[in-house]
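This is a predicted model, so every value here is computed, not measured.
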Protein chains: 2
Amino acid sequence: MKYIDKLRNSGLRPTKQRLQICEVLFNTEKTFHFTINQLEQKIKDSIDNKISLATVYNTVHAFEKKGYLKQIPINSNQTYFDTNVTDHHHFYDLKDQKLIDLENSDVGPINIKKKINGKRIKSVEVLVKLED
Amino acid sequence: MKYIDKLRNSGLRPTKQRLQICEVLFNTEKTFHFTINQLEQKIKDSIDNKISLATVYNTVHAFEKKGYLKQIPINSNQTYFDTNVTDHHHFYDLKDQKLIDLENSDVGPINIKKKINGKRIKSVEVLVKLED
DNA sequence: CACTTATTTAGAATCATTATAAACTGGCTA
DNA sequence: TAGCCAGTTTATAATGATTCTAAATAAGTG
Ligand SMILES: [Mn+2]
Ligand SMILES: [Mn+2]
Ligand SMILES: [Zn+2]
Ligand SMILES: [Zn+2]
């Protein structure tokens with residue numbers, strides 16, 4: 001199975017719950033952005049058994065740690081995650097509270113001129129807020 | 001007084017509490033980043049009377065709405081604010097959980113090529129995560 | 001199967017933030 | 001200056017996302 005190896009290779013046991021969450025997160029045409037509550041709803045809509053909220057949190061954090069998900073820095077009372085783990089940026093529609101991907105080519109190269117002693121750059125993320 | 005006019009001109013009554021918070025926030029050499037709890041501590045350290053936590057929240061939100069403060073988009077359980085309301089960007093030191101200002105000149109112009117119908121760009125913020 | 005360790009789970013706890021509603025105050029007007 | 005009132009402050013409760021707990025269950029191993 002597609003996700004069994006992915007999980008085993010990461011040192012995560014391929015449990016029924018994790019495999020079902022993998023289907024919801026990764027067996028899609030397009031990548032997407034989500035909060036835990038939105039993911040919980042998606043899971044409810046697509047499987048018959050119940051997965052506890054604690055497991056959804058546990059799984060999302062495990063996947064994030066393994067690099068299969070990333071958090072998007074944004075001001076919201078809920079944490080946003082992204083199934084697109086490539087380097088890219090975001091529009092944030094303030095009215096609809098929706099994230100839209102901005103490819104690197106839509107933004108152009110960003111050259112950070114300032115250096116901090118003993119630190120290196122891990123990521124560069126651009127957030128473009130949109131209003132009507 | 002310096003802040004009385006500022007508040008009046010914004011349609012905010014210059015109350016004792018607001019004026020004291022203005023002193024803490026704006027009567028400084030350098031701008032700074034803070035969470036509500038950090039600000040609460042600063043207020044306690046610099047005034048004799050008590051200001052309720054609710055008033056600190058109310059005031060910070062009022063000042064943000066008037067453009068005297070801005071939120072910094074970052075993944076944290078607490079909201080970060082900035083007394084520097086000019087267009088600028090941030091380093092985020094993941095280890096020390098500290099924010100460092102990045103001036104526009106340190107980043108260079110950012111040209112967002114993608115357009116979203118009916119929306120206009122309100123702000124462009126760059127977050128550069130630093131690791132050791 | 002027997003055993004160990006990881007995982008799931010319901011529910012409680014945490015904690016930043018927001019809501020409530022009563023008391024208070026700044027500013028205007030008579 | 002007194003009186004009024006909308007705006008503000010305040011203690012406290014409520015909310016809600018997230019994390020914690022500890023017992024039950026499931027996966028891997030020999
Ligand atoms: Mn958060
Ligand atoms: Mn927040
Ligand atoms: Zn994205
Ligand atoms: Zn700043």
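No single ILVMFWY cluster, assembled from side-chain heavy atoms under 4.5 Å apart, contains both Leu127(B) and Val85(B).
Nucleotide dT18(D) holds its P atom 10 Å from the OH atom of Tyr80(A), rounded to whole Å. Residue Tyr57(A) contributes atom OH, which lies 13 Å from atom C1' of dT14(C) at whole-angstrom precision. The nearest whole Å value for the distance from the CG atom in Asn75(B) to the P atom in dA17(D) is 16 Å. Whole-Å rounding puts the Asn77(A) CG to dA19(C) P distance at 11 Å. What separates CZ of Arg18(A) from C1' of dA26(D) is a distance of 11 Å, to the nearest Å. Atoms CG (Asn58(B)) and C1' (dT20(C)) sit 12 Å apart, rounded to a whole Å. For Gln20(B) and dT8(D), the CD to C1' distance is 14 Å, given to the nearest whole Å. Atom CG of Asn37(B) is separated from atom P of dT14(C) by 16 Å (rounded to the nearest Å).
Look at Thr55(A) and you'll find a side-chain N or O under 4.0 angstrom from OP1 or OP2 of dT9(C). The shortest distance between the side-chain N/O atoms of Lys16(B) and the OP1/OP2 oxygens of dG26(C) is not below 4.0 Å. When the side-chain nitrogen and oxygen atoms of Thr35(B) are compared with OP1 and OP2 of dA16(C), none of them lie within a distance under 4.0 Å. Taking only side-chain nitrogens and oxygens, Gln17(B) never comes nearer than 4.0 Å to OP1 or OP2 of dT25(C). At the phosphate of dT18(C), OP1 or OP2 sits under 4.0 Å from a side-chain N or O atom of His61(B). For Thr79(A), a side-chain nitrogen or oxygen approaches OP1 or OP2 of dT18(D) to under 4.0 Å.
Salt-bridge check for Asp132(A) with Lys95(A): passed, with a basic side-chain N closer than 4.0 Å to an acidic carboxylate O. Salt bridge annotation for Asp82(A)-Lys70(A): absent, with no cationic side-chain nitrogen under 4.0 angstrom from a carboxylate oxygen. For the pair Lys129(A) and Glu125(B), the salt-bridge criterion is met [side-chain N within less than 4.0 Å of a carboxylate O].
Which of dA27(D), dG26(C), dA10(C) sits closest to the side chain of Lys50(A) comes down to dA10(C). If you check dT9(D), dA27(D), dG26(C) against the side chain of Arg13(B), the one that comes closest is dG26(C). Counting only heavy atoms from C-beta on, Thr15(A) has its side chain closest to dT7(C) among dT7(C), dT17(C), dA17(D). Distance from the side chain of Ala54(A) is smallest for dT9(C) among the nucleotides dA27(D), dT10(D), dT9(C).
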Criterion side-chain contact (heavy atoms from CB on, under 4.5 Å) on Lys30(B) and Asn84(B), from CA distance to verdict: CA-CA 9 Å; Lys30(B) 293 176 186 295; Asn84(B) 180 353; over 6 Å; no
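With the nearest nucleotide of DNA chain C identified for both Pro14(B) and Leu53(B), Leu53(B) has the one nearer the 5' end. Toward the 5′ end of DNA chain D lies the nearest nucleotide of Leu12(B), the other residue of the pair Arg8(A) and Leu12(B) mapping further downstream. Heavy-atom nearest nucleotides on DNA chain C were determined for Ile4(B) and for Phe81(B), and the one closer to the 5' end corresponds to Phe81(B).
Between Lys119(B) and Glu131(A) the shortest side-chain heavy-atom distance does not fall below 4.5 Å.
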